[in-house]
Amino acid sequence: MPALIALGRFLFSILFIYSGAIKLLDLPATTQAAGKFVVPEMLATYTAQLEQAAGMPFAQMLALAAGGIELLCGLLIALNFGARFCALVLIVFVAIGTYYFHDFWNQTGADAQANLAVALKSLSLVGGLLIIAGICRGGAASGGHA
């Protein structure tokens with residue numbers, strides 16, 4: 001059984017590895033998409049300071065972070081190194097991405113249906129990530145004795 005869990009974890013992580021690499025390889029498109037993220041008013045001063053310090057727009061920083069998080073966490077899950085932590089990070093990442101980019105509740109018709117399907121797929125990803133977060137390094141469920 002541990003071999004099946006390792007194979008499943010590896011295959012599951014391919015989506016994040018690929019998606020993160022694509023985001024980083026097409027940074028202009030990712031930056032444009034990241035522009036949809038609305039910075040809360042109380043953080044605007046800090047993001048302006050970050051832009052000035054980094055010498056790049058906040059959307060580009062978000063694009064780099066998004067690609068990096070997906071790629072790095074995907075690789076670490078595939079290698080089972082910090083997989084539990086990375087799964088938790090990706091749960092937050094998927095939840096934020098779903099909220100900002102697949103807001104079917106604000107849409108109608110075909111757009112709403114398409115984004116609902118993507119949101120449900122994201123929910124399934126969160127389920128898989130919860131399984132990864134709940135499995136110990138050796139493959140036994142956490143909290144139990146193997």
Side-chain angles (χ1 to χ4, degrees), residues 1-44 46-47 50-51 54 56-146:
M1 283 301 216
L4 291 177
I5 291 172
L7 178 61
R9 187 180 54 249
F10 175 77
L11 293 173
F12 180 83
S13 67
I14 290 172
L15 174 68
F16 293 103
I17 295 167
Y18 175 79
S19 183
I22 291 300
K23 281 179 176 64
L24 293 173
L25 291 172
D26 193 1
L27 201 54
T30 307
T31 300
Q32 183 179 2
K36 186 174 181 180
F37 182 80
V38 178
V39 177
E41 189 69 33
M42 65 185 204
L43 299 177
Y46 300 110
T47 57
L50 278 173
E51 287 178 336
M56 68 177 77
F58 188 65
Q60 188 174 3
M61 287 185 266
L62 285 177
L64 288 167
I69 287 170
E70 281 190 293
L71 181 61
L72 182 62
C73 287
L75 286 170
L76 291 175
I77 287 172
L79 298 172
N80 200 24
F81 186 77
R84 297 172 104 189
F85 175 76
C86 289
L88 295 173
V89 169
L90 285 174
I91 288 169
V92 173
F93 179 84
V94 169
I96 291 170
T98 302
Y99 178 79
Y100 276 99
F101 298 102
H102 304 292
D103 55 343
F104 62 90
W105 55 90
N106 289 326
Q107 300 169 350
T108 59
D111 287 341
Q113 291 301 312
N115 278 297
L116 175 58
V118 174
L120 290 172
K121 289 176 187 178
S122 295
L123 187 61
S124 296
L125 287 174
V126 168
L129 289 164
L130 286 170
I131 291 169
I132 290 169
I135 293 178
C136 292
R137 187 156 180 77
S142 66
H145 295 32

Quiz prompt | From T47 atom OG1 to L43 atom CG, the distance as rounded to the nearest 0.5 Å | solution = 7.0 Å
Quiz item: In Å and rounded to the nearest 0.5 Å, what is the CG to CD1 distance from L64 to I69?
Solution: 11.0 Å
Exercise. Looking only at non-hydrogen atoms, find the nearest pair between L24 and A63 and report the distance.
Key: CD2-O, 4.5 Å
Quiz prompt | Minimum heavy-atom distance E70-G20, with the two atoms named | solution = CB-CA, 3.6 Å
Practice problem: Drop me the distance from C86's SG to L75's CG, to the nearest 0.5 angstrom. | Solution: 9.5 Å
Quiz item: Do you know which two heavy atoms are closest between Y100 and K36, and how far apart they sit?
Solution: O-CE, 3.0 Å
Self-check item: Side chain proximity check, L90 to I77, heavy atoms < 4.5 angstrom
Solution: yes
Exercise. Hey, could you give me the CG/OG distance between N115 and S122, rounded to the nearest 0.5 Å?
Key: 9.5 Å
Practice problem: Working to the nearest 0.5 Å, report the span between CG of L71 and CG of L76. | Solution: 9.5 Å
Quiz item: Hey, is CD on Q107 packed in by over 12 heavy atoms from elsewhere, all under 6.0 Å?
Solution: yes
Quiz prompt | V126 and L130: CA distance, side-chain angles, deciding distance, side chain to side chain contact (heavy atoms under 4.5 Å, CB included) verdict | solution = CA-CA 6 Å; V126 168; L130 286 170; 4.1 Å; yes
Quiz item: To the nearest 0.5 Å, what is the distance between OH (Y18) and CG (L25)?
Solution: 9.5 Å
Self-check item: Heavy-atom side-chain proximity of F16 to V94 below 4.5 angstrom
Solution: yes
Exercise. Taking the side chain as every heavy atom from C-beta outward, state whether S13 and R9 have any atom pair closer than 4.5 Å.
Key: no
Self-check item: Heavy-atom side-chain proximity of L116 to L120 below 4.5 angstrom
Solution: yes
Exercise. Count the heavy atoms belonging to other residues, nucleotides or ligands that lie under 6.0 Å from CZ of F104, then report whether that count exceeds 12.
Key: yes
Quiz prompt | Heavy-atom pair of closest approach, residues V89 and C73 | solution = CG1-SG, 4.0 Å
Self-check item: Option passing side chain to side chain contact (heavy atoms under 4.5 Å, CB included) with F58 (candidates M56, Q60, M61)
Solution: M61
Quiz prompt | pair K121-L15: side-chain heavy atoms closer than 4.5 Å | solution = no
Practice problem: Return yes when atom CZ of F85 has more than 12 non-hydrogen atoms of other residues, nucleotides or ligands closer than 6.0 Å, and no otherwise. | Solution: no
Quiz item: Nearest heavy-atom pair of A59 and A34: which atoms, and what distance?
Solution: O-CB, 3.4 Å
Quiz item: Should L129 and F12 be marked as a side chain to side chain contact (heavy atoms under 4.5 Å, CB included) after you check the CA-CA gap, both sets of side-chain angles, and the distance that decides it?
Solution: CA-CA 9 Å; L129 289 164; F12 180 83; 3.6 Å; yes
